[in-house]
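Encoded as structure tokens, the structure appears first; notes follow it.
Order of the sequence lines sets the chain letters (A, B, ...), proteins ahead of strands, with each chain counted from 1.
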4 protein chains.
Amino acid sequence: MTAEDKSVAVRRGSIGARRNPASQQAILDAAEAILREEGLSGFSIEAVARRARAGKPTIYRWWPSKAALLLDVYQGFKNSRQFPDTGNFEKDLRGFLTNQLIGFWHDGLCGTVFRSVIAEAQSDPSAAEALFAYERARRKFAERLVDRAKARGEIDPGSNSAIIIELLAGFAWHRLLTGRLAGSDADVEAVIATILAATKKNPGT
Amino acid sequence: MTAEDKSVAVRRGSIGARRNPASQQAILDAAEAILREEGLSGFSIEAVARRARAGKPTIYRWWPSKAALLLDVYQGFKNSRQFPDTGNFEKDLRGFLTNQLIGFWHDGLCGTVFRSVIAEAQSDPSAAEALFAYERARRKFAERLVDRAKARGEIDPGSNSAIIIELLAGFAWHRLLTGRLAGSDADVEAVIATILAATKKNPGT
Amino acid sequence: MTAEDKSVAVRRGSIGARRNPASQQAILDAAEAILREEGLSGFSIEAVARRARAGKPTIYRWWPSKAALLLDVYQGFKNSRQFPDTGNFEKDLRGFLTNQLIGFWHDGLCGTVFRSVIAEAQSDPSAAEALFAYERARRKFAERLVDRAKARGEIDPGSNSAIIIELLAGFAWHRLLTGRLAGSDADVEAVIATILAATKKNPGT
Amino acid sequence: MTAEDKSVAVRRGSIGARRNPASQQAILDAAEAILREEGLSGFSIEAVARRARAGKPTIYRWWPSKAALLLDVYQGFKNSRQFPDTGNFEKDLRGFLTNQLIGFWHDGLCGTVFRSVIAEAQSDPSAAEALFAYERARRKFAERLVDRAKARGEIDPGSNSAIIIELLAGFAWHRLLTGRLAGSDADVEAVIATILAATKKNPGT
DNA sequence: AGCTAACCGAGACGGTACGTCTAGTCTTGCG
DNA sequence: CGCAAGACTAGACGTACCGTCTCGGTTAGCT
């Protein structure tokens, strides 16, 4: 068993005229491991191929650019964290910032990977394309958090959902990109308080 | 005469045991020109040296990394824009967003350069160091904008200056990094309105 | 046809996971041409790569050092010249000096290349290693020339083969390295006469 | 005192409009020390200037090339060894090989320096010029050794002085350049024996 | 059952850029 | 004017990756 196990690990080979999921997984695993162990500066297609014992063309066949691979690694993380509808605006805000943004990036590798994707997108148009589409969708989704609060009559109905979400996202990006995710807990509360103040229902009406 | 003129232009040489400002300027100019014409992906120390007709060691002598050079190019822009104290919180906010952030980046090359610096900082620790110090200083400076409004009694004295400034900066970074600076004018107004709402003095007290 | 022909010539590319003999040959040719046209001082890996339209790593992949490449160029020459057993000591001596050493180096490029290898070996240990091994083998081979004469009873059986060969080789190296190969013909005869005198059979016994 | 002492050591400075012998000596000493400690491959004008705390132009002003400096270092050694007229051909030969060539190079640094000069001369014409002139003069001088023996009637009057000296010099160069100076003592005796045999007076006449 | 098409690993290829080193020239300011 | 100092252009060094290519081998699915 060990022998076969080893030979499987060492040599994957083709499984015919279709994508080999074992190779795909080995490449994603290698990419993740390199990012974890050496950071973005040690991350290269060459290094991933070496570590995954894969040929470079195999990578280029399935991921058109470094950023596409990074984004794919990143999306592998997302499934775990929850983003539930708590029925309360403040709790939803806290959940969004904590589970989807700062807290999520903070633990483990996700933040590193996302920073890398953003950096890559600044010089690679196709990476930008992919990242912006992903980001746009996530913001659209998060805006429903505000809309639900408006629908419940919990906040000022004139609140601008898109702006509120982008303020939150911007804050989180800024923390991520300036290396200040750690110790953001108190500041998250201050941000929530600010947003709550900005969306409070006008008492005079 | 023309021949000599050309040879003078082509060959700068040393001016003794001290930095040659002509070389320094030629390098900054070349760096800017390359960023303008080819963008970040075409930007390399090699290309700058070639274009500036400078030796690579001359660049490495004065700028320890690609990012240091980028940041230097960026700071060459800053002198023009004003950031005055208007005596009015809303106008100050608008001025900050427009003259220091979004509007400033939008016109010309500045945005491109700043994006490049941010990207570089994600993989190069020394670039991160320089950018973060620069950024921290600018935020500290901008926080006085909020503090002045508090001192004037214009806004809620409990407003958190640091958070407000970082929300604005984060919003602007996010627009810059997702390529959405253009057409942000209406959104800038919405952001200002949100911040004003969040800092409105409590009428009940 | 010409266009395609040219493009074929210009771009060699890989032929799979093995050495491309066309590249190998192009590099050797370029190295030889540079030595011929510009001499050792113009010889650099960079220049060879440029001329051969090859990448530098392709050269470093197959030749660990400048000297290894030089030695390879040199050995490309050797095949032509003969070094036959004439059955006569004097003729063998003359053939050795003329065909293997002085005369061989004198004509064309060989002398230049060999001088370069020797020079390189004085500062590069791996070059020294290669040159000394090559040289040792050639001396061992040449000593058989003397041993045959001893076996035929043509010369004093007490003659020291190794010393005689090294005297000849040393003489030739000295001429090569002091730029005095030209016009050595008469001196070659004098050397032969000296060696013949030194190995003459003792008539008294 | 200590302060001044240190400043003297650290900073030599100019002594007015004439060559500073302290600088000259410091440069030669530094050159020798680098050759001793790091060998030829670590030897560069740059390194010498650094070690001697001298400006590069100071070196270039007085030594036109790397080889000129090397040769100057080499000639600094020569004064010690003797090369007397013993009145006996065999002893003169032994003295020449031992005191002037192999033995001399073998001990200490001299061999290394001389190898370096020879290597340099293979690519730098001015170095070649200087070395060849030096070498020619020394051979001319050594030929008198043979001529004296002829005059004494000690050897065959038909012996070719120039060839004999060049055979000896060639043998020594070859040993030096192939890194085989060590353990040459027995071989030196064999060379002497060979030369004696070649120059023995014809008993029949 | 044989053929073919696409996949796989491997690694060479021409290139570009890296950051360092040295060459040789130049200019300043001190002595 | 000699000298130390150190900046300057220029370009080679050897390394790391880039993205492309061809190879030989494997396997699945079509004929």
- Message: Tell me whether the count of non-hydrogen atoms from other residues, nucleotides or ligands lying under 6.0 Å of CD in Glu38(D) goes above 12.
- Response: yes
Pick out the pairs of N or O atoms, protein on one side and nucleotides 21-23 of chain E on the other, that lie under 3.5 Å.
| from | atom 1 | to | atom 2 | distance (Å) |
| --- | --- | --- | --- | --- |
| dA23(E) | OP1 | Ile45(D) | N | 3.3 |
| dA23(E) | OP2 | Ile45(D) | N | 3.0 |
| dA23(E) | OP2 | Glu46(D) | N | 2.9 |
| dA23(E) | N7 | Lys56(D) | NZ | 3.4 |

- Report the residue (Pro64(C) or Ala52(B)) whose heavy-atom-nearest nucleotide on DNA chain F is the more 5′ of the two. Ala52(B)
- Task: Report the distance from atom NZ of Lys66(A) to atom CG of Leu40(A), rounding to the nearest 0.5 Å.
- Result: 6.5 Å
- Item | d(CD, Gln25(C); C1', dC13(E)) in whole Å | 17 Å
Shorter than 3.5 Å, N or O on both sides, protein versus nucleotides 4-7 of chain E: list them out with atom names.
| from | atom 1 | to | atom 2 | distance (Å) |
| --- | --- | --- | --- | --- |
| dC7(E) | O4' | Gly16(A) | O | 3.2 |
| dC7(E) | O3' | Arg18(A) | O | 3.4 |
| dC7(E) | O2 | Ser14(A) | OG | 2.8 |

- Arg51(A) CZ - dA10(E) P separation (whole Å): 15 Å
- Message: Going by the rule side-chain hydrogen bond (donor to acceptor under 3.5 Å, both in side chains), which residues pair with Ser23(A) if we only count those two or more places apart in sequence or in a different chain?
- Response: Arg12(A)
- Using a cut-off of 6.0 Å, state whether more than 12 heavy atoms not belonging to Glu129(D) lie near its atom CD. no
- Item | Distance, rounded to the nearest Å, where Leu69(A) contributes CG and dC18(F) contributes C1' | 15 Å
- Note on the structure: Minimal heavy-atom distance between Ala47(C) and Gly42(C), with the atoms involved, is CB-O, 4.0 Å
- Message: Check this one for me: any side-chain N or O of Arg12(C) less than 4.0 Å away from OP1 or OP2 of dC13(E)?
- Response: no
